[in-house]
Amino acid sequence: MNLSLYIAKRYLFSKKSHNAINIISMVAVCGVAIATMATVCTLSVFNGFEVLISNMFSSFDPELKITPAKGKVFDPSTTLFAPVYSLPEIDVISKSLEDNVLLKYGERQTPAIMKGVSDNFGKLAPMNEILFDGEFRINEDSASEEDFVYANLGIGIASRLGMNSNFASALEIYVPKRNAQVNLSNPISSFNLGDAYISSVFVVNQPVYDDNYLLVSLNFARRLLDYQNEVSALEIKVKEGADIRTVQKKIRQIVGDDFLVKDRYQQQEAAFKMVSVEKWVTFLMLCFILLIAVFNIIGSLSMLMVDKQKDIFTLRNLGAGNRLISRIFLFEGWLILSLGAIVGIVLGVLICLGQHYFGWLQLGTQGAFAVNAYPVRIEIGDIAMLLLVVLTIGFSSVTYPVRYLSQKWLK
């Protein structure tokens with residue numbers, strides 16, 4: 001075993017002549033451990049919220065979504081998309097058409113986003129898992145004004161309109177005519193009007209959907225919006241076991257630069273980017289706290305050098321040089337740092353596991369949030385990166401002061 005490392009280990013765990021040095025050494029270990037533990041817990045909480053957001057959006061967002069790079073709609077029946085339909089990795093392709101509408105029920109009215117979907121939309125999104133009331137239904141054959149039309153509302157829209165599923169009165173949907181000028185003498189004639197009966201109310205726990213979206217059949221949406229075969233997007237679900245990134249790459253090669261092919265993270269890029277930025281800014285702040293904790297190690301080493309003057313004199317008489325002696329205290333600092341980092345990571349992981357399984361720390365009032373307890377997710381990559389950062393900061397912070405103190409005390 002390396003002689004310097006062996007002596008440093010003895011100094012770390014042996015009793016010193018002054019009890020204060022033992023206390024300061026333990027404070028240094030605890031400081032690094034607490035800072036490391038806090039960083040592990042913080043990163044895991046941010047990871048948990050990222051997974052929570054992903055799960056919320058996954059109830060509504062498709063795994064892959066094809067949209068035009070320019071414009072609002074495109075014709076999916078062209079030969080360009082034939083190879084996409086025949087990809088073996090794809091399980092479901094659903095067509096959708098979105099646009100802004102005005103909803104009116106009784107004396108109440110509110111703007112909304114009407115989304116017309118194909119009859120296989122239920123295979124794409126687990127609507128039955130997010131229903132607040134009613135039964136999810138669309139009638140794909142509702143192409144004419146006489147057809148009975150079902151609509152499915154976000155809970156925010158239903159609340160504003162004072163509606164619920166299976167109401168006897170119909171919801172009125174107003175859409176400006178695409179290719180008509182506004183008739184100032186009779187403004188209502190400038191709108192297409194459709195009636196729909198509420199089949200269900202859904203809750204995604206995301207305001208962007210709950211407060212804005214109305215789901216109807218694709219044919220009904222085309223009739224109101226004056227379209228024939230056009231859609232806003234092709235929404236895709238891949239087969240179980242298929243790699244989404246690989247399928248996304250294949251579709252991009254087929255459709256070219258005129259279309260965007262986005263996965264769930266790219267569809268909600270702003271939300272995920274916000275969580276990611278907050279995570280790494282917090283991590284940077286905790287690194288500064290860790291740097292402050294490292295200064296306790298420097299104080300502990302300086303007092304240890306003073307305490308071990310007799311040992312240093314004995315080592316010199318035995319032939320030890322300044323390099324060997326300085327390396328003893330350098331290893332001592334590194335051992336304190338490594339011990340604190342390992343203890344901190346172990347404690348952080350244990351706390352996160354306890355939070356995951358027992359939900360010790362609650363978000364607030366029961367039922368007021370999508371989850372009751374703070375979500376956590378431990379990622380090995382974060383732990384490895386944190387350990388690397390802790391050791392890098394600690395080694396860099398300890399090396400120079402030890403050399404300076406060695407030159408001062410070891411003359």
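Computed from heavy atoms alone, side chains included, the values below leave out hydrogens, waters and symmetry copies.
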If you take all heavy atoms of D211 and G156, which pair is closest and at what distance? OD1-CA, 3.3 Å
More than 12 heavy atoms of other residues, nucleotides or ligands under 6.0 Å from CE of M285: yes or no? no
With sequence neighbours excluded, what pairs up with E269 under the side-chain contact (heavy atoms from CB on, under 4.5 Å) test? K273
Sorted by chain and number, sequence neighbours left out, salt bridge (Lys or Arg N to Asp or Glu O under 4.0 Å) with R178 holds for none
Walk me through it: do E50 and R377 pass the test salt bridge (charged side-chain N to carboxylate O under 4.0 Å, His left out)? CA-CA 9 Å; E50 188 173 322; R377 181 186 179 185; over 6 Å; no
Quick one, V231 with V73, criterion side-chain contact (heavy atoms from CB on, under 4.5 Å). Give me CA distance, side-chain angles, the key distance, then yes/no. CA-CA 5 Å; V231 298; V73 296; over 6 Å; no
Check whether E98 reaches the backbone of I113 with its side chain - one donor and one acceptor, N or O, closer than 3.5 Å. no
Using the side-chain contact (heavy atoms from CB on, under 4.5 Å) criterion, which residues pair with D258? Sequence neighbours excluded. none
Verdict with reasoning, E235 to K115, per salt bridge (charged side-chain N to carboxylate O under 4.0 Å, His left out): CA-CA 12 Å; E235 302 181 346; K115 180 175 181 177; 2.7 Å; yes
Tell me whether the rings of F395 and W334 are parallel (<30°), tilted (30 to 60°) or perpendicular (>60°). tilted
Run the side chain to side chain donor-acceptor pair (under 3.5 Å) check on D226 and N192 step by step: do they pass? CA-CA 9 Å; D226 295 323; N192 290 329; 3.1 Å; yes
Using a 4.5 Å cut-off on heavy atoms from C-beta on, say whether the side chain of Y174 contacts that of E172. yes
So S77 and N229, side chain to side chain donor-acceptor pair (under 3.5 Å) or not? Walk me through it. CA-CA 8 Å; S77 61; N229 298 317; 4.7 Å; no
So V201 and N164, do their side chains get closer than 4.5 Å, heavy atoms only? yes
S232 vs K72 side-chain heavy atoms within contact, under 4.5 Å: no
Working note: R160 + T110, criterion side chain to side chain donor-acceptor pair (under 3.5 Å); need CA distance, chi angles, decisive distance, verdict. CA-CA 7 Å; R160 293 199 299 270; T110 182; 2.9 Å; yes
Without swapping roles, check the side chain of T39 against the backbone of A35 for a donor-acceptor pair under 3.5 Å. yes
Hey, does the side chain of K104 reach the backbone of G106 with a donor-acceptor pair shorter than 3.5 angstrom? yes
Return yes when atom OH of Y85 has more than 12 non-hydrogen atoms of other residues, nucleotides or ligands closer than 6.0 Å, and no otherwise. yes
In a table with atom names and distances, give each donor-acceptor pair under 3.5 Å that connects a side chain of residues 122-137 to protein atoms at least two apart or in another chain.
from: D133; atom 1: OD2; to: S165; atom 2: OG; distance (Å): 2.2
from: R137; atom 1: NE; to: S199; atom 2: OG; distance (Å): 3.2
from: R137; atom 1: NH1; to: Y150; atom 2: OH; distance (Å): 3.3

For the pair E230 (side chain) and Q228 (backbone), establish whether a donor and an acceptor sit closer than 3.5 Å, ignoring hydrogens and angles. yes
Taking all non-hydrogen atoms of both residues, which atom of C352 and which atom of V40 are closest, and how far apart? SG-O, 4.2 Å
Can you check whether Q268 reaches D61 side chain to side chain, under 4.5 Å on heavy atoms? yes
Would you say E63's side chain and V238's backbone share a donor-acceptor pair under 3.5 angstrom? yes
Check the pair N219 / S217 against side chain to side chain donor-acceptor pair (under 3.5 Å), numbers first and verdict last. CA-CA 6 Å; N219 285 335; S217 72; 6.0 Å; no
Any side-chain heavy atom of I138 within less than 4.5 Å of one from F220? no
Run Y374 and F46 through ring-ring contact (aromatic ring centres under 6.0 Å, His included) and show every step you take. CA-CA 10 Å; Y374 278 92; F46 276 109; over 10 Å; no
Does the side chain of V45 come within less than 4.5 Å of P375's, by heavy atoms? no
Please give me the minimum heavy-atom distance between N120 and I93, naming the atom from each residue. ND2-O, 2.9 Å
When you look at L102 and I173, which way does the side-chain contact (heavy atoms from CB on, under 4.5 Å) test go after all the steps? CA-CA 6 Å; L102 178 68; I173 306 173; over 6 Å; no
Identify the heavy atoms of K65 and P62 that sit nearest to each other, and give their distance. CB-CG, 3.9 Å
Main-chain N/O of V261 paired with R252 side-chain donor or acceptor, under 3.5 Å: yes
Who are the side-chain contact (heavy atoms from CB on, under 4.5 Å) partners of D243, not counting sequence neighbours? R245, T246
When you measure from the side chain of S276 to the backbone N and O of F272, does any donor-acceptor pair fall under 3.5 Å? no
Partners meeting salt bridge (Lys or Arg N to Asp or Glu O under 4.0 Å) with D382 (sequence neighbours left out): K279
Donor-acceptor pair, side chain of T36 and main chain of I345, under 3.5 angstrom: no
How are the rings of F60 and F121 set relative to one another: parallel (under 30°), tilted (30 to 60°) or perpendicular (over 60°)? perpendicular
A side-chain contact here means heavy atoms from C-beta on lying under 4.5 Å apart; do T282 and L43 qualify? no
Ignoring hydrogens and angles, tell me if any N or O in the side chain of S86 forms a donor-acceptor pair with the backbone of P83 under 3.5 Å. yes
Just checking, is any N or O donor in the side chain of Q267 or Y265 under 3.5 Å from an acceptor N or O on the other one? no
Aromatic ring pairing F358/W360, orientation class (parallel under 30°, perpendicular over 60°, tilted between): parallel
Is the shortest heavy-atom distance from the side chain of V175 to the side chain of D99 under 4.5 Å? no
Between F74 and F81, is a ring-ring contact (aromatic ring centres under 6.0 Å, His included) present by the stated rule, with each step listed? CA-CA 11 Å; F74 63 97; F81 294 95; 5.3 Å; yes
